[in-house]
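Notes to accompany the following structure.
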Amino acid sequence: MTFKHNFKKVLSATAFAAALVVAPAANVSAATNDASSTQQSATATSQDQQASQDQAASQSSAANQSSSTSTSSATSTSTVKKVAKKTKKTSKKKAVKKVAKKTTKKKATKKAKKTSKKSTKKTTKAATAAVTASADQSQATDQQDDAAKKAAEAAAKKAAAAKKAAAKKKAAAKKAAAKKKAAARKKAAAKKKAAKKSAEKTAKYWIAMRESGGYYTARNGSCYGRYQLLISYLGGDLSKKNQERTADRYVYGRYGSWVNAKRFWLAHNWY
């Protein structure tokens, strides 16, 4: 738009200068025509030679003037054309330079915008990548922390379970040992009791055999029965069952056991 506007201005100036030059040329042409007419009139009449000479001189002067004017007009036209051409060329160069400058500026601005956009995009991408990396790292750290926490909890749980199992096993072993020990003790006691019972039975039988030969009806004075107890001890009941019960009561009350009663009997021949 700027180039076209400047070019229009140059054309207007050129047209104005040409008009100024053409106007005097028209006037000169008119004068030349008048001179020719005067010369023809002088030739035709041939009456006044002096007038003819004057007219010829006038014609010569006019011709010289016309030639000078034409030369001046041609020179002015050439000069105007040169000036116009130069002005047009200068204006065109300026316009081209301006357009080139504007284009360069536009390109530079576009390039700057493109570079800025590219840089911004790159920065944004880098920032996004950094944020993503940071988020991933944070997530990885959280996952590691969770994994470590879970591993610690699992280890603690496992240790607690192992401790509980060990305690349970120990308690079971202790209980089993106690039970075994109690059983052994019970067995020993039972065995001892059985041995004692057997010894008591043997000692009781031994005394019965020494006192009455083993008869429940044997009698020796005031003593009666298998164990030769005083009749007053039996309380009038001479049955076998009462004799056994009364003999046990008497021996355990006096000696503590039939074995002790046997020892006493061996030492004194009675009990």
Side-chain angles (χ1 to χ4, degrees), residues 115-211 214 216 225-229 233-235 237 239-268 270-271:
T115 305
S116 178
K117 190 176 181 181
K118 192 174 180 181
S119 178
T120 304
K121 191 175 180 181
K122 192 174 181 182
T123 305
T124 305
K125 191 175 180 181
T128 305
V131 170
T132 305
S134 179
D136 292 340
Q137 187 176 2
S138 178
Q139 187 176 2
T141 304
D142 292 340
Q143 288 177 354
Q144 288 179 355
D145 291 341
D146 291 339
K149 190 176 180 180
K150 285 181 179 179
E153 288 177 355
K157 193 174 181 180
K158 191 175 180 180
K163 189 177 180 180
K164 189 175 180 180
K168 192 174 181 180
K169 189 176 180 180
K170 189 177 179 181
K174 191 176 180 180
K175 189 175 181 181
K179 192 174 181 181
K180 190 176 180 181
K181 192 176 180 180
R185 191 166 51 245
K186 189 176 181 180
K187 189 176 180 181
K191 190 175 180 181
K192 188 178 180 180
K193 188 177 181 180
K196 186 179 179 181
K197 190 175 182 180
S198 178
E200 287 291 295
K201 189 175 180 181
T202 302
K204 188 177 182 180
Y205 178 77
W206 187 87
I207 290 174
M209 293 305 290
R210 293 295 181 276
E211 290 293 329
Y216 285 98
R226 182 180 175 88
Y227 299 99
Q228 291 298 294
L229 297 172
Y233 287 174
L234 295 173
D237 185 1
S239 64
K240 295 179 180 180
K241 187 176 182 179
N242 188 45
Q243 287 184 40
E244 292 291 336
R245 184 169 54 244
T246 304
D248 286 335
R249 186 168 56 246
Y250 169 74
V251 168
Y252 286 115
R254 185 178 179 90
Y255 301 103
S257 66
W258 283 100
V259 174
N260 292 336
K262 181 183 176 181
R263 287 197 194 102
F264 187 86
W265 198 99
L266 286 170
H268 303 89
W270 62 278
Y271 75 101

Rounded distance (nearest 0.5 Å) linking atom [atom1] of [X] with atom [atom2] of [Y]:
X: L234; Y: R245; atom1: CG; atom2: CZ; result: 10.5 Å
X: T202; Y: K196; atom1: OG1; atom2: NZ; result: 14.0 Å
X: K186; Y: K179; atom1: NZ; atom2: NZ; result: 10.5 Å

Quiz prompt | K204 side chain reached by E244 side chain, heavy atoms, under 4.5 Å | solution = yes
Self-check item: Pairwise side-chain contact, V259 with W206, heavy-atom cut-off 4.5 Å (strictly under)
Solution: no
Quiz item: Yes or no on side-chain contact (heavy atoms from CB on, under 4.5 Å) for R226 and Y205, after CA distance, side-chain angles and deciding distance?
Solution: CA-CA 10 Å; R226 182 180 175 88; Y205 178 77; 3.7 Å; yes
Exercise. Start with the C-alpha gap between W265 and E211, add the side-chain angles, then the distance that decides, and say whether side-chain contact (heavy atoms from CB on, under 4.5 Å) holds.
Key: CA-CA 10 Å; W265 198 99; E211 290 293 329; 2.9 Å; yes
Quiz item: Hey, is the main chain of S257 close enough, under 3.5 Å, to the side chain of E200 for a donor-acceptor pair?
Solution: no
Quiz item: Counting N and O atoms only, with roles assigned by atom type, does the side chain of T246 sit under 3.5 Å from a partner on the main chain of N242, one being a donor and the other an acceptor?
Solution: yes
Quiz item: Taking only residues two or more places apart in sequence, or in another chain, which ones meet F264 in a ring-ring contact (aromatic ring centres under 6.0 Å, His included)?
Solution: Y255, H268, W270
Quiz item: Sequence neighbours excluded, which residues qualify as ring-ring contact (aromatic ring centres under 6.0 Å, His included) partners of Y233?
Solution: Y250
Practice problem: Any chance you could lay out the side-chain contact (heavy atoms from CB on, under 4.5 Å) test for K170 and K174, step after step, and finish with the verdict? | Solution: CA-CA 6 Å; K170 189 177 179 181; K174 191 176 180 180; 5.5 Å; no
Quiz item: Run the side-chain hydrogen bond (donor to acceptor under 3.5 Å, both in side chains) check on Y271 and Q228 step by step: do they pass?
Solution: CA-CA 10 Å; Y271 75 101; Q228 291 298 294; over 6 Å; no
Quiz item: Partners of D146 by side chain to side chain contact (heavy atoms under 4.5 Å, CB included), sequence neighbours excluded?
Solution: none
Quiz item: Should N260 and R254 be marked as a side-chain contact (heavy atoms from CB on, under 4.5 Å) after you check the CA-CA gap, both sets of side-chain angles, and the distance that decides it?
Solution: CA-CA 9 Å; N260 292 336; R254 185 178 179 90; over 6 Å; no
Quiz item: Which atoms form the tightest heavy-atom contact between Q243 and Y227, and what is the distance?
Solution: O-CD1, 4.1 Å
